[in-house]
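All ligand and atom numbering here is 1-based and tracks the order in the structure.
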Amino acid sequence: MLTNLADRLKGVGMKLCVIGLGYIGLPTAAMFASNGHYVTGVDVSARIIEALSRGETYICEPGLGDVVHWTVSEGRLIAKEVPQPADAYIICVPTPINPDRSADLSYIDRAVRSILPILRKGNMVILESTSPPGTTRNLVCSMLSESGLIPGRDLYVAYCPERVLPGRILKELVSNSRVIGGITKESAIRVRDLYSCFVRGEMYITDSTTAEMCKLVENTYRDVNIALAAELAMICENLGINAWEVIRYANKHPRVNLHQPGPGVGGHCIAVDPWFIVQRQSGTARMIELARRINDSMPRYVLDRVKTLLKDINGVRRVCVLGVTYKPNVDDLRESPVVRLISMLKAEGGYSVITVDRHADYEGSKGRELYEAVRGCHLLLLAVNHREFEHVDFRRIKERMAYPCVLDTRNFWRAEEVETAGLSYHLLGWGKEPNEEGPDGGVPIPAGGGVRSSEER
Ligand SMILES: NC(=O)c1ccc[n+]([C@@H]2O[C@H](COP(=O)([O-])OP(=O)(O)OC[C@H]3O[C@@H](n4cnc5c(N)ncnc54)[C@H](O)[C@@H]3O)[C@@H](O)[C@H]2O)c1
C-alpha cells in the first residue's frame with residue numbers, strides 16, 4: 001500500500017505543478033490555487049510565464065483574469081519555465097494531429113520527461129491532454145518507469161480529461177461531470193479526491209484507457225452527427241428541399257437530436273479527436289473515418305456552390321467572407337474549415353477574398369468594417385454565425401455590392417429579409433429558390449428557407 005503525502009495533507013494545501021498553461025492548464029491551475037492548493041504553473045513560453053508572473057492572463061475567458069490576479073497576488077499560483085517538486089503533476093500540453101493524421105504525442109513526451117528528475121514516491125501524475133486510447137498506460141507509464149519509480153506501486157497515475165466549453169471554462173470546470181481513469185483503482189480515487197476541492201459535478205471512476213476512449217467518443221459522436229447533417233444538406237439540395245426545415249421537424253421527435261450542417265468542422269477537438277480512434281483501429285472505425293472525410297469535404301462543397309453562383313461573372317470574382325473562426329463568438333482559428341475554404345478559393349484562381357471577423361485576425365479581418373468590405377464584391381458569404389452578423393443592413397450591403405448575391409452556410413439570415421433588400425439569397429442545404437413554381441404551375445408551400453426556430457439560434 002502506498003503511503004502518500006495526500007494522506008497527510010488531506011485534500012488541501014498540497015503542492016501542485018500544472019504543466020502547460022493554455023486554455024485548459026491555466027484555468028485548472030487557477031481553480032486549484034483558489035481552492036486551497038499551492039500551484040506552480042509551468043510553460044515553455046516565456047511570454048506566458050512573464051504575463052502570469054505579473055498576475056495577468058493572455059487567455060480571454062470570463063472570470064479568469066480575476067482569479068489569476070488574486071491567486072498570484074496571494075502567492076498561491078506562481079509561474080515557472082521548468083517544473084518544480086510537487087505532490088501532484090497535472091499535464092495539460094497540446095496533442096495536435098500530424099500530417100498523416102496520427103496524434104502528435106511529442107508534447108506529452110517532453111512534459112513527462114521534464115518531471116522525471118524531480119518525481120518522488122507517492123506523487124500523482126495526471127494526464128489531461130486528449131490522447132489516443134492506451135496513452136496513459138503505455139506511453140506515460142513506460143516513461144515514468146525510467147525514473148526508477150513504478151507506476152501503480154510508487155506513483156498514482158490517472159487520465160482525467162476535460163469537457164469544458166471555451167467561454168464557460170471556469171463555470172464548467174466546477175459543474176461538469178468528469179470521468180477519471182486510473183491505472184489502478186487507488187490512483188483514480190486519489191485523483192478524484194484531489195479534484196473534489198472544486199468539482200461539484202459527478203466524478204466517475206474507471207480505468208485509464210476507458211477514460212481516454214470516453215473523451216474521444218464524446219467528440220466523435222458530435223462529428224458523426226454533423227457529418228449526417230452535412231450529408232442531409234447535400235441530399236436535400238439535390239431533392240430541392242430545405243435540410244434545415246427537415247432537421248427542425250425531425251428533431252421534434254422525442255428521441256432525435258440531429259446537429260446542423262455547415263461549411264465543415266474545425267477546432268482542435270471535434271476535427272481532430274476522431275482520428276485518434278481511427279489511428280488505433282483503422283479498418284474497424286469505418287463510420288468514424290467516413291464522417292471525418294465527409295466533414296473535411298464540406299469546404300470543397302461550398303467552393304463548388306460559390307463557383308456555380310458566380311459562373312456568369314467575368315474577370316476576378318470578389319468574395320466577402322463573414323467569419324473565419326472555427327465556430328461563432330470565439331477567437332480560435334485552429335483547424336477552421338473557413339480558412340481552408342478561403343485557401344481553396346485563392347488556389348482556384350480568378351477569385352479575390354476579403355474577410356471580416358472582429359474576433360480573430362486573418363489577413364486583416366479583425367479591423368475591417370463589413371459595409372466597407374462588401375464594396376465591389378460579387379458574393380457575400382456568411383461562413384460563421386458570429387452574433388454581430390445577425391442583424392445587418394442588407395439594403396446598405398446591396399448598394400455597395402457589384403453583384404447582389406448572398407450565400408448563407410449557417411441558416412442565420414431570413415431569406416425574405418435578404419431578398420426584400422434586392423439580394424439573391426442562397427442557403428447551404430436548400431435546393432430550391434423561394435416561391436419557385438411547383439410542377440403543376442401552382443405556387444407550392446414555401447420551403448422555409450432562412451426560417452429558424454428559437455432552439456437553432
Ligand atoms: N481547449 C479546450 O477547450 C480543450 C477541451 C478539452 C480538451 N483539451 C485538450 O487539452 C490539451 C491542452 O489543450 P489547450 O487548448 O489548453 O492547449 P493550448 O495550446 O492552449 O495550451 C498548451 C500549452 O502547453 C504549453 N506547452 C507545450 N509543451 C510544453 C512543455 N513541455 N512544458 C510546459 N508547457 C508546454 C504551450 O506553450 C501552451 O501554452 C489538449 O490535448 C487538448 O486537446 C482542450
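- Of the candidates Pro166, Ser45, Cys92, it is Cys92 that places a heavy atom closest to atom 12 (C) of ligand 1.
- Here the two rings, on Phe412 and Phe389, have centers that are 6.0 Å apart or farther.
- Near Tyr107, with a cut-off below 4.0 Å to any heavy atom, the atoms of ligand 1 are 27 (C), 28 (N).
- Salt-bridge check for Arg163 with Glu218: passed, with a basic side-chain N closer than 4.0 Å to an acidic carboxylate O.
- Residues Ile126 and Tyr89 form no side-chain contact, since every pair of their non-hydrogen atoms from C-beta on lies 4.5 Å or further apart.
- Summarising the contacts of atom 35 (C) of ligand 1 with Val93, Leu21, Asn219, Ile49, the nearest heavy atom is found in Val93.
- Counting protein heavy atoms only, atom 7 (C) of ligand 1 is closest to Thr130 OG1, 3.5 Å.
- With respect to Arg368 and Glu372, no salt bridge is recorded, no charged nitrogen being found less than 4.0 Å from a carboxylate O.
- Scanning the protein heavy atoms around atom 15 (O) of ligand 1, the nearest turns out to be Tyr23 CB, 3.6 Å.
- Below 4.0 Å from some heavy atom of Ile19 lie the following atoms of ligand 1, by number and element: 32 (N), 33 (C).
- A cation-pi arrangement is present between Arg47 and Tyr58 under the rule of less than 6.0 angstrom and at most 45 degrees off the ring axis.
- You'll find the ring centres of Phe32 and Tyr195 inside the 6.0 Å limit.
- Here Glu162 does not pair with Lys215 in a salt bridge; the nearest charged N to carboxylate O distance is not below 4.0 Å.
- How far CD1 of Ile226 is from CG of Leu258: 11.5 Å, rounded to the nearest 0.5 Å.
- Remark: distances from the non-hydrogen atoms of Arg163 to ligand 1 are all 4.0 Å or more.
- Here the protein heavy atom with the shortest distance to atom 41 (O) of ligand 1 is Thr95 OG1, 2.6 Å.
- Protein heavy atom nearest atom 1 (N) of ligand 1, with residue, atom name and distance: His268 CE1, 3.1 Å.
- Ionic pairing of Lys366 and Asp357 is not present here: no N-O contact between side-chain nitrogen and carboxylate oxygen is shorter than 4.0 angstrom.
- The nearest heavy-atom contact from the protein to atom 17 (O) of ligand 1 is Arg334 NH1, 4.2 Å.
- The backbone and the side chain of Ser129 each have at least one atom closer than 4.0 Å to an atom of ligand 1 (non-hydrogen atoms only).
- Regarding atom 25 (C) of ligand 1, its nearest protein heavy-atom neighbour is Asp43 OD2, 3.2 Å.
- At a threshold of 4.0 Å, the pair Lys346-Glu363 counts as salt-bridged, since one of the basic side-chain nitrogens sits closer than that to a carboxylate oxygen.
- Shortest contact from atom 24 (O) of ligand 1 to any protein heavy atom: Gly20 CA, 3.3 Å.
- Look at Ser114 and you'll find every heavy atom at least 4.0 Å from all atoms of ligand 1.
- In this structure, OG1 on Thr40 lies 4.0 Å from CD1 on Ile78, to the nearest 0.5 angstrom.
- Contacts with ligand 1 closer than 4.0 Å are made by no heavy atom of Val272, backbone or side chain.
- Listed by atom number, the atoms of ligand 1 under 4.0 Å from Glu162 heavy atoms are 6 (C).
- Short contacts between ligand 1 and Ile48, defined as distances under 4.0 Å to a heavy atom of the residue, involve ligand atoms 39 (O).
- The closest protein non-hydrogen atom to atom 10 (O) of ligand 1 is Ile24 CG1, 3.7 Å.
- Proximity of Pro161 to ligand 1, defined as any heavy-atom pair under 4.0 Å, is not found for any part of the residue.
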Full working for side-chain contact (heavy atoms from CB on, under 4.5 Å) between Ile247 and Gln260:
CA-CA 8 Å; Ile247 290 169; Gln260 312 280 298; 3.9 Å; yes
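- Here atom 22 (C) of ligand 1 lies nearest to Pro94 when heavy atoms of Pro94, Pro27, Pro83, Gly25 are compared.
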